[in-house]
Amino acid sequence: MRRSYLVFGRPGFGPEERAEVLDTIDSGWVGTGPKTHRFEREFAAYLGARHCVALNSGTAALHLAVLAAGIGPGDEVIVPAMTFCATANAVVHAGARPVFADVDPDTMNIDCADVRRRLTRRTKALLPVHLHGRPCDMDGLRALADERGLLVIADAAHAIEAVSKGQRAGRLADLTCFSFYVTKNLTTVEGGMLAASRRDWADRAKILASHGMSEDAWARFSDRGYKHYAVVQPGFKYRMTDLQASFGLHQLRRLEANLRLRERLWGLYDRGLAGLPLRLPTPPQPGARHARHIYAVRLTPEARLSRDELMAALHRQRIGTGVHYTALHLQPYYRRACGCKPGDLPQAEAIGETTLSLPLSAALSERDVRDVIRAVRLCLLGPQRQQGPRRLRPRRRRA
Ligand SMILES: Cc1ncc(COP(=O)(O)O)c(C=O)c1O
């Protein structure tokens with residue numbers, strides 16, 4: 001058993017982040033300012049996005065995306081039932097109604113055929129989620145959106161590095177939302193980004209993120225001299241700070257190298273967990289690059305433990321795990337607000353009961369991942385049959 005607890009989603013920082021944070025503190029300006037604006041430009045260049053607005057969370061990005069797109073009371077937005085609550089909450093906060101669609105059992109991403117069944121006259125947008133880092137079937141969704149005159153807003157909280165048919169995540173939808181929460185592939189501790197394909201959406205989001213004021217704080221207080229502002233609508237306080245951007249600038253530079261590290265760890269999991277009563281993540285679809293954010297497995301009916309029992313057993317082995325996610329439409333609020341009940345979205349519900357996520361981050365060593373594999377094997381097979389991945393190789397060949 002491990003001596004130290006393996007925390008789920010450990011972030012990886014280097015001396016560059018440390019130096020940048022200290023530089024920001026010493027600069028005398030830690031709020032929204034030049035480093036935030038630089039981070040917006042560099043992130044947009046990485047994504048190939050037209051306009052980027054740095055925010056204080058992915059949740060803020062989702063909320064502003066829905067508002068900037070002009071969605072409000074009386075409108076419906078289709079969201080997958082297999083996602084974090086922030087995706088649907090953003091629609092509710094805009095005064096619109098989320099309509100849940102089921103997901104594909106292999107990719108766990110929103111199922112285009114089910115989306116089509118849920119369209120009504122009130123549908124204004126589709127809000128797919130590139131779950132765990134796997135890009136959705138954007139061709140299918142775009143075709144549907146074009147046919148019905150709908151917008152596509154993507155929740156790419158897991159998928160900064162995702163590519164589909166040569167297009168990076170920032171160009172796959174009309175508006176795209178990213179999260180820089182602590183467990184994410186790029187973290188600013190808390191933070192988010194909105195990528196918009198239209199300047200007026202980005203401008204609207206910027207104003208809404210700063211109380212509805214026409215000038216942000218850097219524009220008002222910088223060395224260019226004080227400027228008055230006008231409150232043009234009641235907004236929110238959603239801006240990123242230069243302290244957060246100090247992390248982001250350097251996290252962005254390590255993004256591709258970190259992806260390669262996680263790809264290697266992903267491969268170790270794939271090999272080490274083969275043959276267990278687990279359904280492992282399906283390989284990326286042709287022409288797609290998976291951002292390898294979350295390694296989620298599903299227990300098959302042959303497993304002798306339930307998902308929660310396996311998580312508890314792994315915890316006793318000093319391994320932290322997560323659930324991404326339980327079906328959102330069955331959460332108490334959405335049962336009440338949308339009248340959802342068990343059986344409505346069977347694929348999302350089945351995934352929600354059987355899935356768990358194993359630790360995956362660029363801060364993990366191969367040894368950490370081997371510890372997880374050993375612990376999973378021990379929990380699922382028992383001490384007699386538990387073997388390390390190396391010992392298992394000959395047995396697999398004989399089979
Ligand atoms: C799929 C998904 N959407 C939205 C969010 C919200 O992002 P944040 O935590 O930065 O507000 C998260 C964050 O965990 C997420 O995983």
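Just so you know, these numbers use all the heavy atoms, side chains as well, and skip hydrogens, waters and symmetry mates.
- Checked by atom type, the side-chain pair Thr36/Asp242 shows a donor-acceptor distance below 3.5 Å.
- Counted by atom type alone, Glu190 and Ser179 present zero donor-acceptor pairs between their side chains at under 3.5 Å.
- Salt bridge annotation for Arg2-Asp371: present, with a cationic side-chain nitrogen under 4.0 angstrom from a carboxylate oxygen.
- In this structure, CG in Asn258 is found 10.5 Å from CD1 in Ile160, a value given to the nearest 0.5 Å.
- Checked by atom type, the side-chain pair Arg374/Gln317 shows no donor-acceptor distance below 3.5 Å.
- Between the CG atom in Leu345 and the CG atom in Leu330 there is a gap of 7.5 Å [rounded to 0.5 Å].
- Across every non-hydrogen atom of Leu126 and Leu141, the tightest pair is CD1-O, 3.7 Å.
- Both cation-pi conditions hold for Arg168 and Tyr46: the charged atom is under 6.0 angstrom from the six-membered ring centre and inside a 45 degree cone around its axis.
- Tyr5 has its ring centre less than 6.0 Å from the ring centre of His315.
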Mind running side chain to side chain contact (heavy atoms under 4.5 Å, CB included) on Arg38 and Leu249 for me, showing each step along the way?
CA-CA 8 Å; Arg38 179 145 61 91; Leu249 285 164; 3.8 Å; yes

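- Side chain to side chain, Lys237 and Ser210 fail the donor-acceptor criterion of an N or O pair below 3.5 Å.
- A donor and an acceptor atom, one from each side chain of Asn185 and Glu161, are located under 3.5 Å apart.
- Taking the centre of each ring, Phe178 and His130 stay at or above the 6.0 Å mark.
- For Ser357 against His324, the heavy-atom pair with the smallest separation is OG-ND1, 2.7 Å.
- Between Glu353 and Arg298 no salt bridge is recorded (no basic side-chain N to carboxylate O distance below 4.0 Å).
- The side-chain heavy atoms of Glu17 and Arg254, taken from C-beta on, include a pair separated by under 4.5 Å.
- Using a distance-only test at 3.5 Å, with no hydrogens or angles considered, a donor-acceptor pair links the side chain of Arg262 to the main chain of Ala291.
- Under the 4.0 Å criterion applied to side-chain N and carboxylate O atoms, Arg198 and Asp174 are not assigned as salt-bridge partners.
- For the residue pair Thr241 and Thr32, no side-chain donor N or O sits within less than 3.5 Å of a side-chain acceptor on the partner.
- Of the candidates Val372, Val369, Leu265, Pro359 forms a side chain to side chain contact (heavy atoms under 4.5 Å, CB included) with just one, namely Val372.
- Between Asp203 and Lys206 no salt bridge is recorded (no basic side-chain N to carboxylate O distance below 4.0 Å).
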Go through the steps for Asp106 and Thr282 under the test side chain to side chain donor-acceptor pair (under 3.5 Å), then give the verdict.
CA-CA 6 Å; Asp106 284 330; Thr282 44; 5.6 Å; no

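- Side-chain contact annotation: Asp270 with Tyr295, donor-acceptor N/O pair under 3.5 Å present.
- Residues Leu268 and Arg370 form a side-chain contact, since some pair of their non-hydrogen atoms from C-beta on lies under 4.5 Å apart.
- Leu175 is not connected to Leu172 by any chain of hydrophobic side-chain contacts under 4.5 Å among Ile, Leu, Val, Met, Phe, Trp and Tyr, and they are in different clusters.
- By the ring-ring contact (aromatic ring centres under 6.0 Å, His included) test, His63 pairs with His93, Phe236, Tyr238, sequence neighbours left out.
- Interatomic distance, Ile71 CD1 to Arg122 CZ, rounded to the nearest 0.5 Å: 14.5 Å.
- Annotation: His51 is not in aromatic contact with Trp201 [ring centroid separation under 6.0 Å not met].
- Taken to the nearest 0.5 Å, the CZ atom of Arg134 stands 6.0 Å off from the OG1 atom of Thr107.
- Considering all non-hydrogen atoms of both residues, Ala49 and Ala195 come closest at CB-CB, 3.9 Å.
- Listed here is the closest heavy atom pair of Leu378 and Arg304: O-NH2, 4.2 Å.
- A distance of 8.5 Å separates NE2 in His158 from CZ in Phe84, rounded to the nearest 0.5 Å.
- A salt bridge links Arg239 with Glu40; the closest basic N to acidic carboxylate O contact falls under 4.0 Å.
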Step by step, would you call Arg279 with Thr300 a side chain to side chain donor-acceptor pair (under 3.5 Å)?
CA-CA 6 Å; Arg279 191 160 164 179; Thr300 61; over 6 Å; no

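- Among all heavy-atom pairs drawn from Phe43 and Cys52, the shortest one is CD2-SG, 4.1 Å.
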Glu20/His250 under side chain to side chain donor-acceptor pair (under 3.5 Å): CA gap, chis, key distance, verdict
CA-CA 8 Å; Glu20 195 73 51; His250 296 282; 2.6 Å; yes

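- Thr176 contributes atom OG1, which lies 8.0 Å from atom CG of Leu47 (distance to the nearest 0.5 angstrom).
- By the neighbour-count criterion of 12 heavy atoms within 6.0 Å, atom CZ of Arg50 is sparsely surrounded, having that number or fewer from other residues, nucleotides or ligands.
- Note on Val189 and Leu186: separate hydrophobic clusters, where clusters join Ile, Leu, Val, Met, Phe, Trp and Tyr whose side-chain heavy atoms are under 4.5 Å apart, directly or indirectly.
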What do the steps show when you test Glu76 against Arg118 for salt bridge (charged side-chain N to carboxylate O under 4.0 Å, His left out), and what is the final call?
CA-CA 10 Å; Glu76 291 178 357; Arg118 310 219 172 238; over 6 Å; no

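- Aromatic ring centres of Phe39 and Phe247: separated by at least 6.0 Å.
- Smallest separation of non-hydrogen atoms from Gly343 and Pro346: O-CD, 3.7 Å.
- In this structure, Glu349 does not pair ionically with Lys341, as no charged nitrogen and carboxylate oxygen lie closer than 4.0 Å.
- The residues Arg289 and Glu256 are annotated as salt-bridged, a charged nitrogen and a carboxylate oxygen being separated by less than 4.0 angstrom.
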